Amino acid sequence: MTEQQGIIIKGVGGLYTVVCAGNTLECRARGRFRRELLTPAVGDRVVVSPEHFITEILPRKNSLIRPAVANIDRLFIVAALAEPDPDVFYLDKLTVIAEYYGIEPVLIFNKSDLGDPKGILSVYERVPYKKIVLCTETADAEQVSLLAGEFSGRTSAFAGYSGVGKSSILNLLARHEGRELNAQTGHISQKLRRGKHTTRHVELFSLCGGYIADTPGFGSLAFDYFNLKDRRLLAGCFPEFSAYVKGCRFHDCSHRKEKECGVREAVASGEISPSRYESFCRMYEEMGEYRPWKEKTDSEGERK
Ligand SMILES: Nc1nc2c(ncn2[C@@H]2O[C@H](COP(=O)(O)OP(=O)(O)OP(=O)(O)O)[C@@H](O)[C@H]2O)c(=O)[nH]1
Ligand SMILES: [Mg+2]
Ligand SMILES: [Zn+2]
């Protein structure tokens with residue numbers, strides 16, 4: 001037996017499920033990854049030894065921490081129109097993370113039976129991402145078939161709050177192919193109007209002619225793991241700003257307080273959504289407060 005290459009589809013408690021040429025292998029990782037502070041992630045292309053050890057992680061196209069997935073082409077950012085209510089700041093953070101890592105964001109507004117999508121669609125009207133309005137419970141075959149096409153030929157991951165319907169969408173796509181994945185779905189808490197974190201780990205499913213990662217919903221999304229040392233990169237993660245940055249008087253304009261700022265003028269004239277601009281400013285502030293782990297310990301050292 002020789003080494004083989006495969007893709008990690010699941011990783012729980014140090015045990016990795018790797019698909020190699022159609023075979024599913026249960027593997028462990030070599031200790032050296034831990035020494036190198038490298039953790040194999042779902043989506044990683046890996047080399048597996050005959051003893052079923054992961055001996056190598058092939059170069060990654062990208063890797064995210066929340067959700068913990070690697071080599072993603074598209075991030076499907078799911079929000080519910082109600083139960084839970086959409087949180088645009090959270091959605092905007094996800095779009096920024098996707099942009100930053102070179103992943104194409106697609107917005108899904110689910111539970112259209114529970115709310116009117118007009119408001120949220122107007123926020124994203126000028127944002128050049130695909131937007132899909134969906135009701136997983138009533139979608140007809142044509143709608144599901146269009147949706148399935150969005151996943152074909154690429155690796156995708158879901159992201160979004162708990163309870164918005166990520167696993168329900170996955171099951172809908174599976175049923176469309178005549179399969180039962182039984183990705184676990186959970187009712188939202190009627191008291192808190194939030195999901196209950198039904199999905200516990202990331203798992204990659206081979207579906208719709210591609211790979212799709214179901215992921216757990218996560219609440220907070222800090223920039224603490226972000227490598228955005230230079231927060232001036234932030235405006236570049238808002239694609240609808242780009243046409244207006246040219247109108248800024250200062251080449252290093254932060255688009256917040258400067259005079260003659262093309263971005264602020266576009267917000268004032270309604271060409272940039274005020275809500276997106278507000279998210280930009282909030283993120284800019286948060287990034288300013290962020291100190292990388294190493295710097296933090298250094299400054300603690302100084303205090304002693
Ligand atoms: N009314 C309505 N309910 C939906 C729709 N889609 C999903 N749900 C319900 O929403 C609840 C949560 O759905 P899940 O698919 O478990 O949500 P999730 O995003 O996977 O949640 P986590 O795994 O906790 O992150 C379930 O009770 C679903 O039946 C929809 O289009 N309309
Ligand atoms: Mg789920
Ligand atoms: Zn500016």
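The structure presented is a predicted model; accordingly, all values stated were derived computationally and were not measured. Atoms within a ligand are numbered from 1 in the order they appear, just like the ligands themselves.
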For the 3.5 Å polar cut-off, considering only N or O atoms, please tell me whether S167 and ligand 1 meet it.
yes
To which protein heavy atom is atom 21 (O) of ligand 1 closest, and what is the distance rounded to 0.1 Å?
G163 N, 2.9 Å
Say whether, by atom type as modelled, one donor and one acceptor occur between the side chain of K166 and the main chain of G160 under 3.5 angstrom.
yes
re atom 17 (O) of ligand 1, the protein heavy-atom contact at minimum distance is G165 N, 3.1 Å
Between L114 and ligand 1, which part of the residue brings a heavy atom under 4.0 Å of the ligand: side chain, backbone, both or neither?
side chain
Among all protein heavy atoms in this structure, tell me which lies nearest to atom 11 (C) of ligand 1, with the distance rounded to 0.1 Å.
G186 O, 3.1 Å
Answer with yes or no whether the side chains of Y277 and E240 bring together a donor and an acceptor at under 3.5 Å.
no
Report the nearest protein non-hydrogen atom to atom 18 (P) of ligand 1: residue, atom name, distance rounded to 0.1 Å.
K166 N, 3.5 Å
Under 3.5 Å: N/O of H187 near N/O of ligand 1
yes
Heavy-atom distances under 4.0 Å decide this one: backbone, side chain, both or neither, for D113 against ligand 1?
side chain
What lies under 2.8 Å from the Zn ion (ligand 3), restricted to protein N/O/S atoms, is C248 SG, C253 SG, H255 ND1, C261 SG
Is the side chain of R264 donor-acceptor paired with the backbone N or O of E258 at a distance under 3.5 Å, no angle test?
yes
Just let me know how N110 lines up against ligand 1, side chain, backbone, both or neither, with a heavy-atom cut-off below 4.0 Å.
side chain
Say whether, by atom type as modelled, one donor and one acceptor occur between the side chain of N110 and the main chain of L81 under 3.5 angstrom.
no
Donor-acceptor pair, distance only, cut-off 3.5 Å: does the side chain of E99 make one with the backbone of G236?
no
among protein heavy atoms, the one nearest atom 10 (O) of ligand 1 is K111 NZ, 3.0 Å
Any nitrogen or oxygen of S162, main chain or side chain, under 3.5 Å from a nitrogen or oxygen of ligand 1?
yes
Tell me, with the steps shown, if R256 and E285 meet salt bridge (Lys or Arg N to Asp or Glu O under 4.0 Å).
CA-CA 10 Å; R256 289 160 64 254; E285 296 300 328; 2.3 Å; yes
Please determine, by modelled atom types, if T95 and R276 share a side-chain donor-acceptor pair under 3.5 angstrom.
yes
Can a donor-acceptor pair be found, under 3.5 Å and without considering hydrogens, that links the side chain of K131 to the backbone of Y124?
yes
From atom 7 (C) of ligand 1, work out which of S168, A80, P216 has a heavy atom at the shortest distance.
S168
Assess whether salt bridge (Lys or Arg N to Asp or Glu O under 4.0 Å) is satisfied between R30 and E56, documenting all intermediate values.
CA-CA 9 Å; R30 284 271 188 236; E56 199 181 327; over 6 Å; no
With distance as the sole test, does E177 use its side chain to make a donor-acceptor pair with the main-chain N or O of A174 at under 3.5 Å?
no
To check your reading of the model: name the closest protein heavy atom to atom 5 (C) of ligand 1, its residue, and the distance in Å.
T136 OG1, 3.2 Å
Taking the side chain as every heavy atom from C-beta outward, state whether E180 and R175 have any pair of such atoms under 4.5 Å apart.
yes
Ignoring hydrogens and angles, write down the donor-acceptor pairs under 3.5 Å from the side chains of residues 209-216, residues two or more places apart or on other chains.
from	atom 1	to	atom 2	distance (Å)
D214	OD1	S167	OG	3.4
D214	OD2	S167	OG	2.6
T215	OG1	F158	O	2.7

Within a reach of under 6.0 Å around CD of E265, are more than 12 heavy atoms found that belong to other residues, nucleotides or ligands?
yes
So how many protein N, O or S atoms does the Mg ion (ligand 2) have within less than 2.8 Å?
2
With R282 as the cation and F89 as the aromatic partner, state whether NZ or CZ is under 6.0 Å from the six-membered ring centre and within 45° of the axis.
yes
With sequence neighbours left out, what residues match F241 under ring pair (Phe, Tyr, Trp, His ring centres under 6.0 Å)?
F238, F280
Identify the protein heavy atom lying closest to atom 3 (N) of ligand 1, giving its residue, its atom name and the separation to 0.1 Å.
E137 OE2, 3.4 Å
Heavy-atom count around E26 CD within 6.0 Å, excluding the residue itself: above 12?
yes
Output yes when the distance from some N or O of ligand 1 to some N or O of L134 is under 3.5 Å, and no in every other case.
no
Looking only at side chains, do D85 and Y161 share a donor and an acceptor under 3.5 Å apart?
no
